[in-house]
Amino acid sequence: MLVPVTIGCAFAADLTLRMLPHDLFSFRAWEATRTPGEDAPFLPNHRYHSDRTYGNLAAVGNLRAFRQYRSVTFTTDELGYANAPDLARRGGAAAIVFGSSFAAGSELGDDSTLAAQLARQTGRTVYNAGGGDPNFAEIRWLARRLVAPGGLVILEYPERGDVPFITPVHVTHRTARCREVIAPRLTGVCSVLGWLARHAAVSPLQILAQRGLKLLQDDRWLPNPYAGTVLQARLRDGQGMLFLAQERVAFHLAAPDAPAVRYVRWLDRKLGRENFRVLVVLVPRKYTVYAPLLDPPDPGPDQSAPYLDRVEQGLRAAGIPVVNLTARFRAAATAALGRGGAGGGSIYFPDDTHWNAAGAALAARDIARTWGGLEP
Amino acid sequence: MLFNSLPFLYGFLPLTYLVFWRLKGKQSRYVWLTLTGYVFYAFWNYRFCALMALSTVVSYLAGLGLRTWTDPQRRRLCLIAPVTIDLCLLGFFKYANFAMDTANRVAGLLHLPFYLSGPEIILPVGISFYTFHTITYIVDAYRRTITPTRNFFEFSCYVSLFSQLVAGPIVRFSQIERDLENIDRGDRRAGWALGWSFFTIGMVKKVLIADTIAAAINPALADVTTLSTSSAWLCLLGYAYQIYFDFSGYSDMAVGLGHLFGLRIPQNFNSPYQALDISDFWRRWHISLSTCLRDYLYIPLGGNRGPRWMAYRNVMITMLLGGLWHGASWTFVAWGGYHGALLMAYRLGRRHWDAAPALLRRAGTFLLVLVGWVFFRSTSFPMAIDWLERMFAWRPAPALSGASLFLLVLAVSAAVAHFGSNTFAMRHQPRPAVAVSLAVLFALGLLVIYGGPRMPFLYFQF
């Protein structure tokens, strides 16, 4: 009888734990607050705080020794974006930032996101709409609602070789589809269904069991099968740095730049008709920045021009303002060599794929300068 | 769906069990078990349910013919037609790509100007097992060993019984016929303790032993050219215990599930690593397959009758085809051939071998079986040759690094496999200490299922 009872207890424990907030079981804000498939990228009106978050690379590669614990507070507004709670209500922002996890501020506190630092440097209101994969309809809806006419739409484009954002076809998200099916005004029901779906999809028991097993997969008790996904390297000054193994592979591949340029030109035209200006920010991968600084250095592919440089040229030729952070970041990373410490002076987290507060500040400075140049 | 998966443990098994015992009639239980068998199968790929249904209908109709007709010609037709259809299905889905690939390689070697190509054919899970179920049924009916059933759902329930559907054991109709006939008279409580005991032991074997070993050796075997001599031997030892605990674990779970539904599924493993000679090994390893090969292939080929060379030929043909049954690859054929050669050598030198002390014979048999696993595990001949070369040409380097738990599990596995009693020989009495230990091990296994990657049973691919 004990074995079936064990199965029953495990099932009950699994169901119960699924109802608890994900914050309790997540190692960082991204996992705790993400809402894949729903209208907003993050849980609306949510505040996540942890004194022990660490980078995604240390987590993905199961490399406990590389973890660098940080204290992070991540707040979202009523629309489910990483902003101060009242920002969405106020509206009238001078600029809005769309983009990836870089723009959203993965691993950064509320004050260190790109939008927050840009706002501080320019003294204007900047709305952070990063973290989603918005289509044109959503970009337009958010810009109309939150940005003053003639305002700036900043498109942060991380180096990834595919078209930024998803194709401009209308994508029906879960809640929207739910509203269509049940009744337009039953948003509350759809929210509950969304909550249930989100909690049904994540099993904290599974997370805890995985963590337990990963403790054993430490290359002492058992081989670590995850280590291969992460590249452990050293910079010229001896500082240890983790990279996604895929980034190194992608670094040596020649990706076509035309689709990205074509898409941004199309988006620029559409937003221009809505009386918004567009500024594109090209963010290099961590490996692209640090490859020449590795010990031994990785000279990179034998190409006429790196991918982001080609995208930049294409956009400039089309008259679209663009900030390419590659050279700037490489220079900053080179200058930081020798300052050592736990990521001291670096612009990316040593245990994460993303930029740190210093990297975001550097990007904000360049964007602010270009933005200033766009003013009449 | 896997036995070691959460949907099975939380949904499929409780629902199937509760409804089964709620139903009272024989027919309704047959229908329910048939239905659940198809649902179980559909979790992998629902499209291939039609294939199983076709094999079932053809064999059922042939069985009816064999039951009705006494005319030898008609009876022969009822034998040949369904067996041909089954073998054609098996041949097409399992061996067509292999045949094309082999033909292309031969053509390349001989510089012949042709190249065969076709679509990549998906191997339906369990096809080797359920076609063997239907073939043995037809042949037994033809031989009048069994009386074919008139009840379609009794037969379809036998073919699609979820506990043995995808990885055996290959249960013959005669072995389960009585339990199927009395399916409505079973006592729910009779098989409860025994069923869970078997199921839990099987789960522990699979999840805690076989999968832990796999986690340590699979990364090392990804590139055998980097192995040191000691690592090569450790990986081989690991694989020998992995495949034993994986497959015998699955068989134990199948037997346990059978007991839960009042069906007695026969023993498939009888401590094979305690065998005293290679012939003894084959009486203990995958018993349901080896007895099938004996009764439906070796004996019809002539068995031991006739001159000695014919008996050897029959042994070799049986073992080569047995190897090929395991997978469409020449490495499996080589594995079968290796065992065929061992069986012939044993027959030749039997007197000398049997005169040796039992411990030496056991160790010798295990060593011979161990070397054979190189071909079974290797995905190609170059891999097998590299592995053997690493084993027998000294390459000093540390043994598998970062695998202390693996060594611990290996030691436990060795102790159980060589000196412990197998699940059928154990006393499954519901003593509190045993029950608590099993429950704790089961809970540990559940946690591993939650936290680990999905690990299918090795024999699913066959």
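Letters go in sequence order (proteins before strands), and every chain restarts at 1. Since this is a predicted model, take the numbers as computed values, not measurements.
More than 12 non-hydrogen atoms from other residues, nucleotides or ligands lie less than 6.0 angstrom from OH of A:Tyr226. More than 12 heavy atoms of other shown residues, nucleotides or ligands fall within 6.0 angstrom of atom CZ in A:Arg18. Other residues, nucleotides and ligands place more than 12 heavy atoms under 6.0 Å from the CZ atom of A:Arg211. Environment of CH2 in B:Trp233: crowded, with over 12 heavy atoms of neighbouring residues, nucleotides or ligands closer than 6.0 Å.
Between the side chain of B:Ser404 and the main chain of A:Arg220, a donor-acceptor pair closer than 3.5 Å is present.
Put simply, of A:Gly228, A:Ala10, A:Ser203, the one with the most heavy-atom pairs under 4.5 Å next to chain B is A:Ala10. With chain B as the partner, the residue from A:Pro4, A:Pro225, A:Cys9 showing the most heavy-atom pairs under 4.5 Å is A:Pro4. In terms of heavy-atom pairs under 4.5 Å with chain A, the best-connected choice from B:Phe406, B:Trp196, B:Trp192 is B:Trp196.
The heavy-atom pair separating A:Leu213 from B:Gly451 by the smallest distance is CD1-C, 3.4 Å. Summarising the geometry of A:Ile7 relative to B:Leu446, their closest heavy-atom pair is CA-CD1, 4.4 Å, with the distance given to 0.1 Å. Listed here is the closest heavy atom pair of B:Ala215 and A:Pro223: O-CG, 3.9 Å. Across all their heavy atoms, B:Ala439 and A:Leu2 have their closest contact at CB-CB, 3.7 Å.
Of the atoms belonging to A:Leu222, heavy atoms from both backbone and side chain fall under 4.5 Å from chain B. B:Leu9 touches chain A through backbone and side chain together, each having a heavy atom under 4.5 Å away. Both the backbone and the side chain of B:Val436 come within contact range of chain A, with heavy atoms under 4.5 Å apart. In this structure, the portion of A:Leu216 lying under 4.5 Å from any heavy atom of chain B is its side chain and not its backbone.
To the nearest 0.5 Å, the span separating CG on B:Leu405 from CD on A:Gln217 amounts to 10.0 Å. Between atom OG1 of residue A:Thr6 and atom CZ of residue B:Phe442 there is a gap of 7.0 Å, rounded to the nearest 0.5 Å.
In this structure, a donor-acceptor pair under 3.5 Å is absent between the side chains of B:Tyr10 and A:Asp14.
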